[in-house]
2 protein chains.
Amino acid sequence: MYEDLKYWYLRDHKLFRTLSFGQIRQLCIITGFKKAKKGEIIYFSSSDLPRIFLLKKGNIKIVAVDEDGNETIKDIIQKGDLFGELTLEADSQSNEYAKVLSDDVAICSFLMSDFEDLLLRNPSLALSYTKFVGLKMKRIKNSYSNLISKDAKTRLFQFLKDWAEKEGKKIEDKVVIENYLTQNDIAQIICTSRQTATQLLNEMETNGTIIYSRKEIIITDISKL
Amino acid sequence: MYEDLKYWYLRDHKLFRTLSFGQIRQLCIITGFKKAKKGEIIYFSSSDLPRIFLLKKGNIKIVAVDEDGNETIKDIIQKGDLFGELTLEADSQSNEYAKVLSDDVAICSFLMSDFEDLLLRNPSLALSYTKFVGLKMKRIKNSYSNLISKDAKTRLFQFLKDWAEKEGKKIEDKVVIENYLTQNDIAQIICTSRQTATQLLNEMETNGTIIYSRKEIIITDISKL
DNA sequence: ATAGATTTGTCGGCTATGTTACAGTTCCAC
DNA sequence: GTGGAACTGTAACATAGCCGACAAATCTAT
């Protein structure tokens, strides 16, 4: 099913660009493919064999639940991102799942073990992959140290700036972001309470720095953030 | 110089255990070797060619300085740990240095580019290394989410527990840790102010959970942490 | 032994942010 | 279109932990 499609999906990712047709086929053979709609929950750790996923379309959030049942947003995954057992070590105890944010998503996946085989046969891919994981690590470090050392307002600013950079569409000197997050989501991402987030967003709106709605966020002057 | 010694140093690390004599020699040829005393500062990013370091003896802390001149402790490196450009991407803008904590340290290092070559020739090493970096990432994630969601007291407890696990010596039912950190260091690691750390430590001492001195920390009952 | 530097102890005021609580809005399904 | 669910707005109150300030203890070098 979709054999060609999957091929191109993987081919599309910068990590796999250097691979030959045959090599990608190796992954494709066992590749899973899945579509899902807004609000759906996709479990990936625990369940069956450990996999690596590639989000082809839409947005999802990775949510972790701790012992007390508190939910934390671990990551927002966008079109083109890899997620899952990126460390190549299945860890069963982490209690994470993915929730679909956009209207619908398309995900393809392959088995971690197959990927390992591929890496063993392609040292240069292994190297790129290591760098890829390293980059991810660096990003995480960065965002965490932001969370720790800055106050909620700065964190929100930084978050909006990053978001705008990744997904915003520049229209004249404004930046328009499609807003698929609730204020609660935003609050969780910047690690603050929903109320504080609401307050800060409203403050920014009265200041004229942003125009907020459930559909989109318009940043009137990105340089002011 | 020390050719044999360096060989064994590298050989000793679990990552390199599977390598042949020749392969390690490849790294050794350009390996640097260095000793330093307490308080010394070792710059590693910026400076010359990007390197990966292996701490053979002692303890160091990795300190980052941000734009405003604030120091944050990024990591505590112990005997046997690798540090430096582990992501295989030299990044010049990060302003980090290492400071020697224990009385003296021994460090050996090799060039990132040589290591890359080695990885390219050893797919299985590449794979282990990828997993190694992945593990590091997981640890970082973990400790950061601790920092964010728990209060200072819990963080201190967790820190002591981890420290005891890594380096503590069990004597009867007590755990003794050699204390090479100042209270200020501890405060920075658990991301709180020096005063709060002091207060919490004293509180624990009056509670009888620990016995604190500049030389060592004794945890009277590890199970209570 | 002495002086200076570093580390530790303690206090009170201050502020950002979490919490609780409730009301108003928007969205969606039937 | 209507009812219920999910989301957003606002306020009062509590508090953890930061900050400044200073004193006491301990280490280090000469």
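Chain letters run A, B, ... following the sequence lines, proteins first and then strands; every chain starts at 1.
Under the salt bridge (Lys or Arg N to Asp or Glu O under 4.0 Å) rule, A:D104 has a single partner from A:K57, A:K79, A:K35, which is A:K57.
We find that A:E178 and A:K169 are not joined by a salt bridge, their nearest charged nitrogen and carboxylate oxygen being 4.0 Å or further apart. A salt bridge does not link B:D162 to B:R139: none of the charged side-chain nitrogens sits closer than 4.0 Å to a carboxylate oxygen. Residues A:D185 and A:K61 are paired through a salt bridge, judged by an N-O separation under 4.0 Å between the basic side chain and the carboxylate. Taking a cutoff of 4.0 Å between a charged side-chain nitrogen and a carboxylate oxygen, A:K138 and B:E89 do not qualify as a salt bridge.
If you check the side chains of A:S223 and A:D221, you find a donor sitting under 3.5 Å from an acceptor. Side chains of A:Q78 and A:E167: a donor-acceptor N/O pair is present below 3.5 angstrom, by distance only. In the model, A:Y180 has no side-chain atom that pairs as donor or acceptor with a side-chain atom of A:E216 under 3.5 Å.
Within residues 179-204 of chain A, the residues having any heavy atom closer than 4.0 Å to DNA chain C are, in order of number, A:C191, A:T192, A:S193, A:Q195, A:T196. Within residues 57-65 of chain B, no residue has any heavy atom under 4.0 Å from DNA chain C. For the segment residues 151-161 of chain A, no residue has any heavy atom less than 4.0 angstrom from an atom of DNA chain D.
At whole-Å resolution of the value, CD in A:E205 and P in D:dT8 are 12 Å apart. As a whole-Å value, the separation of A:I148 CD1 from D:dC18 C1' is 16 Å. One interatomic measurement links the two molecules: CD1 of B:I211 to P of C:dT8, which rounds to 17 Å at whole-angstrom precision. Counting to the nearest Å, the P atom of D:dC18 and the NZ atom of A:K150 are 16 Å from each other. Between the NZ atom of B:K38 and the C1' atom of D:dC27 there is a distance of 10 Å, given to the nearest Å.
Atoms CD and OG, on A:Q195 and A:S193 in that order, are 4.5 Å from each other to the nearest 0.5 Å.
Under the rule for a side chain to side chain donor-acceptor pair (under 3.5 Å), B:D81 has no partner lying at least two apart in sequence or in another chain. For the side chain to side chain donor-acceptor pair (under 3.5 Å) test, residues two or more places apart in sequence or in another chain that qualify with A:T154 are A:D151.
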Tabulate atom names and distances for all N/O pairs under 3.5 angstrom spanning the protein and nucleotides 2-4 of chain C.
none

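Checked against the 6.0 Å centroid criterion, the rings of B:F53 and B:F110 do not qualify as a close aromatic pair.
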So A:L82 and A:I77, side-chain contact (heavy atoms from CB on, under 4.5 Å) or not? Walk me through it. CA-CA 8 Å; A:L82 290 176; A:I77 306 290; over 6 Å; no

